[in-house]
Structure formats: C-alpha cells, structure tokens
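For reference, the structure is listed below as structure tokens.
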Amino acid sequence: DTDFCCSPGPPLEPSTTLPNCLIIGDSVSVQYTPSVTELLKDVCQVQHAPWVGGGSANDAATGLFHLQNCHWLRTATRPDVTVDWDIVQFNFGLHDLMKTTPELLDFYEAEIENIT
C-alpha cells in the first residue's frame, strides 16, 4: 500500500548519455553517495533512493516492502515511469544487526534473498 511510502525515488531524470546507477539504502549509504557520485561522474549517473528522509530504507523487511510497494525504482519527478537501471546497489540492513536470535537472522537472510 503506497499510503505507507514516505520517501520518493531518486530526484533526477535518468541520463540519456551515461549508464544509470541507483543506490538504495539507509543513512549509511546517504553519507557515501555524494563521494561515489563524484568519483563516477564521467562513468555513470549515480542517484540514491529513497531521496529524502535520511535514507529510510531501514531494515531488510522495510526495504523489501518499499521496493514492492513504492516508487524507489522510479524517479521522484516521474513516478509514473519505470526506469531501466543499469546497476542497482542495495545497502540497508544495518538495523537488522540488532536481531540476534537465530530465528530473526534466518528471517533477515530470507528477506535479503527476496530483495535480490
């Protein structure tokens, strides 16, 4: 249900001249995305989703929910158009480290497999 989607996909239109790369992640990935964008500026257009909210991907279950129900794989300016990303890199799950029981770690592993 998109009523629970609080953050839009990446802010820019896809590049028509460079490969399009998307980093989907939490607050950790928000911190390194500008450096990756600068390092790869002549190689590909790098963007981050969710675009606002400090990363917002949170744990694997939240990330999977948003991938399935929100527009993270689309741009914030054109949420009606699906983007054919050349590379999608996932970096969330830091919040899952708090899950220390074998059952919760098994759940985390299953969620990561669902995402990929």
Side-chain angles (χ1 to χ4, degrees):
D1 183 345
T2 56
D3 290 342
F4 296 103
C5 299
C6 59
S7 301
L12 304 174
E13 290 294 315
S15 174
T16 58
T17 58
L18 293 171
N20 289 284
C21 303
L22 179 63
I23 298 172
I24 296 177
D26 56 19
S27 59
V28 173
S29 63
V30 168
Q31 297 301 312
Y32 68 71
T33 296
S35 296
V36 173
T37 302
E38 179 62 26
L39 287 169
L40 297 177
K41 67 183 177 188
D42 297 326
V43 177
C44 62
Q45 178 174 290
V46 176
Q47 298 195 64
H48 187 278
W51 177 39
V52 296
S56 300
N58 250 334
D59 59 19
T62 302
L64 178 60
F65 172 84
H66 283 84
L67 283 169
Q68 293 173 332
N69 296 290
C70 302
H71 298 298
W72 285 0
L73 295 174
R74 301 172 185 204
T75 65
T77 56
R78 291 297 311 270
D80 57 319
V81 177
T82 301
V83 176
D84 187 18
W85 298 98
D86 296 291
I87 297 173
V88 177
Q89 186 249 330
F90 300 97
N91 185 358
F92 50 86
L94 182 62
H95 299 273
D96 292 293
L97 292 177
M98 294 179 279
K99 300 175 181 177
T100 57
T101 68
E103 296 80 18
L104 290 174
L105 290 174
D106 288 344
F107 176 75
Y108 169 70
E109 183 179 337
E111 292 299 307
I112 292 297
E113 288 189 20
N114 281 332
I115 292 167
T116 58

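Because the structure is a prediction, the values reported are computed rather than measured. Values below: all heavy atoms of this structure, side chains included; hydrogens, waters and symmetry mates excluded.
- Of the options Thr33, Leu39, Leu40, a side chain to side chain contact (heavy atoms under 4.5 Å, CB included) to Val36 is made by Leu40 and by none of the others.
- Judged as a side-chain contact (heavy atoms from CB on, under 4.5 Å), and not counting sequence neighbours, the contacts of Ser15 are Thr17, Leu18, Asn20, Gln45.
- Scanning for side-chain contact (heavy atoms from CB on, under 4.5 Å) contacts around Pro19 gives Cys44, Asp86, with sequence neighbours left out.
- Expressed to the nearest 0.5 Å, how far CG of Asp26 lies from CZ of Phe90 amounts to 13.0 Å.
- The hydrophobic cluster containing Ile23 also contains Val28, counting ILVMFWY residues as joined when their side-chain heavy atoms lie under 4.5 angstrom apart, directly or transitively.
- For the pair Ser29 and His48, the tightest heavy-atom approach, listed with the atom from each and the gap, is OG-NE2, 2.8 Å.
- By the salt bridge (Lys or Arg N to Asp or Glu O under 4.0 Å) test, Asp80 is found to be paired with Arg78, residues two or more places apart in sequence or in another chain being considered.
- Applying the salt bridge (charged side-chain N to carboxylate O under 4.0 Å, His left out) test to every pair with at least one member in residues 41-50, sequence neighbours left out, gives these pairs: Glu38-Lys41.
- A search for side chain to side chain donor-acceptor pair (under 3.5 Å) contacts involving Thr37 returns nothing, not counting sequence neighbours.
- In this structure, Trp85 and Leu73 approach most closely via the heavy-atom pair NE1-O, 2.8 Å.
- In this structure, Gln47 and Glu13 approach most closely via the heavy-atom pair NE2-O, 4.0 Å.
- In this structure Gln89 satisfies the side chain to side chain donor-acceptor pair (under 3.5 Å) test together with Tyr32, sequence neighbours excluded.
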